[in-house]
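This report concerns only the one structure given below.
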2 protein chains.
Amino acid sequence: MRWDEIENQPCSIARSLSVVGDRWTLLVLRECFLGVRRFEEFREHLGMARHRLSDRLGRLVEEGVLRKEPYQDKPLRHEYRLTDKGKDLYPVMLSLVRWGDHWMDRGKGPPVVYRHNPCGHMTTPVMVCSECGEALTARDVTPMAGPGLRRGDKRLHRYNTA
Amino acid sequence: MRWDEIENQPCSIARSLSVVGDRWTLLVLRECFLGVRRFEEFREHLGMARHRLSDRLGRLVEEGVLRKEPYQDKPLRHEYRLTDKGKDLYPVMLSLVRWGDHWMDRGKGPPVVYRHNPCGHMTTPVMVCSECGEALTARDVTPMAGPGLRRGDKRLHRYNTA
DNA sequence: TTGACTAGTTCCAAAATGGAACCTACTCTG
DNA sequence: CAGAGTAGGTTCCATTTTGGAACTAGTCAA
């Protein structure tokens, strides 16, 4: 399967990865969440090739994750800002941060810690059930065929039917 | 920056991505969470080139995300199972699922829905603060330099100091 | 002894990436 | 007004990564 085909899979993970699943995109978005908006600043922080960055930003705009806003004329220049769709990737960032902090810290503790301003505490993000608030583990969750699954797809995976 | 250098960044996102940030790895892990364990079954579900799958599984074993367990001798055959480190990637999966369900569903609703067995409800995963239980948004969270950040790195990003 | 099954590896072409140089449209400084 | 500087790209080319198909290895079963 080629990469440009994966977005057609009836799977939200595959579809999400078709947008953010390459080498650089999530790092570009990390910078967005840290407040970076301009081409040169992305490039300096990330150390990636200019045309690669150009591609990635363009793709993210196409996908509606970022939008281009002019910040000057003469010459016309744009900055890149997160849309709502982009901001909604924050939990993806946090889940990667959490895992990296725990398993990839080389015994030195997390490089960055996070304060949750409303409650004032240093926070560790936790993924919980929207209904009961308990932390979610794979063992306790059963995937089942949903409305967006075409009939023929069901055999492809092992989803239970509701 | 080349890909094999990103794991050295003082950033948990970069470090996580050095393990799971390529085209296929998270899809391989999706299959793991669905109960797939054997080479041929991964290949059939994913439709990826055999040697690519071989690489990825090998890398995941190296990184301690999967472990190889023999399931027969003559000829010796192994299956691949999630370690604790691997199981702990479940929130990463869920966060991608959540985003894809919401923004990439093509108006047809999610292809797969999830039941949280302990509470019996269909669940939507939410990322919350470990301390107060409120949902986390980028605006409400302030990143600050942590113990794993080397002194010289601080200027590289915009982290506040604690 | 032929075929099937599982899990690979090898070879090669195609695609993605990285690095450096170049381009464009300004502005600023002397 | 010439020359340097700035921001945001694009072009060219070598290197790396991927995808596809064919081949191998060990074992069983007919």
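All heavy atoms count here, side chains included; hydrogens, waters and symmetry mates do not.
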Whole-Å distance separating the [atom1] atom of [X] from the [atom2] atom of [N]:
{"X": "B:Arg2", "N": "D:dA14", "atom1": "CZ", "atom2": "P", "value": "18 Å"}
{"X": "A:Arg43", "N": "D:dG9", "atom1": "CZ", "atom2": "P", "value": "12 Å"}
{"X": "A:Phe42", "N": "D:dG9", "atom1": "CZ", "atom2": "P", "value": "11 Å"}
{"X": "B:Leu27", "N": "D:dG19", "atom1": "CG", "atom2": "P", "value": "11 Å"}
{"X": "B:Glu40", "N": "D:dG26", "atom1": "CD", "atom2": "P", "value": "18 Å"}
{"X": "B:Arg37", "N": "C:dT6", "atom1": "CZ", "atom2": "P", "value": "17 Å"}
{"X": "A:Glu5", "N": "D:dG20", "atom1": "CD", "atom2": "C1'", "value": "12 Å"}
{"X": "B:Asp4", "N": "D:dT16", "atom1": "CG", "atom2": "P", "value": "9 Å"}

(Q) Quick check: do B:Cys119 and A:Glu134 have side-chain heavy atoms less than 4.5 Å from each other? (A)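 No - every pair of side-chain heavy atoms lies 4.5 Å or more apart.
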Cationic N near anionic O, under 4.0 Å, [X] to [Y]:
{"X": "A:Arg43", "Y": "A:Glu40", "value": "yes"}
{"X": "A:Asp101", "Y": "B:Arg15", "value": "no"}
{"X": "B:Asp88", "Y": "B:Lys85", "value": "no"}

(Q) Any base atoms under 4.0 Å from B:Arg23, or only sugar-phosphate, or nothing? Heavy atoms, all strands. (A)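 Touches sugar-phosphate only.
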Q.
Once salt bridge (charged side-chain N to carboxylate O under 4.0 Å, His left out) is applied, what residue pairs with a partner in residues 104-113 of chain A remain, sequence neighbours excluded?
A.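 Residue pairs passing salt bridge (charged side-chain N to carboxylate O under 4.0 Å, His left out), neighbours aside: none found.
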Q: Mind running a 4.0 Å heavy-atom check of residues 48-58 of chain B against DNA chain C and sending the residues that fall below it, in number order?
A: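 Close to the strand are B:Arg50, B:His51, B:Ser54.
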**Q.** Pair B:Arg37-B:Glu41, salt bridge (Lys or Arg N to Asp or Glu O under 4.0 Å): steps then yes or no
**A.** CA-CA 7 Å; B:Arg37 290 176 180 169; B:Glu41 205 181 353; over 6 Å; no
Q: Please work out which residues in residues 59-81 of chain B have a non-hydrogen atom less than 4.0 Å from an atom of DNA chain D and list them by number.
A: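 Hits under 4.0 Å, by residue number: B:Lys74, B:Pro75, B:Arg77.
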Q: Using only side-chain N and O atoms of B:Trp24, determine if any of them is under 4.0 Å from OP1 or OP2 of D:dG19.
A: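 For D:dG19, OP1 or OP2 has a side-chain N or O of B:Trp24 closer than 4.0 Å.
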(Q) Tell me whether the NZ or CZ atom of A:Arg67 lies within the 45° cone about the ring axis of A:Tyr80 and under 6.0 Å from its centre. (A)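 Judged by the rule (NZ or CZ under 6.0 Å from the ring centre, within 45° of its axis), A:Arg67 is not positioned above A:Tyr80.
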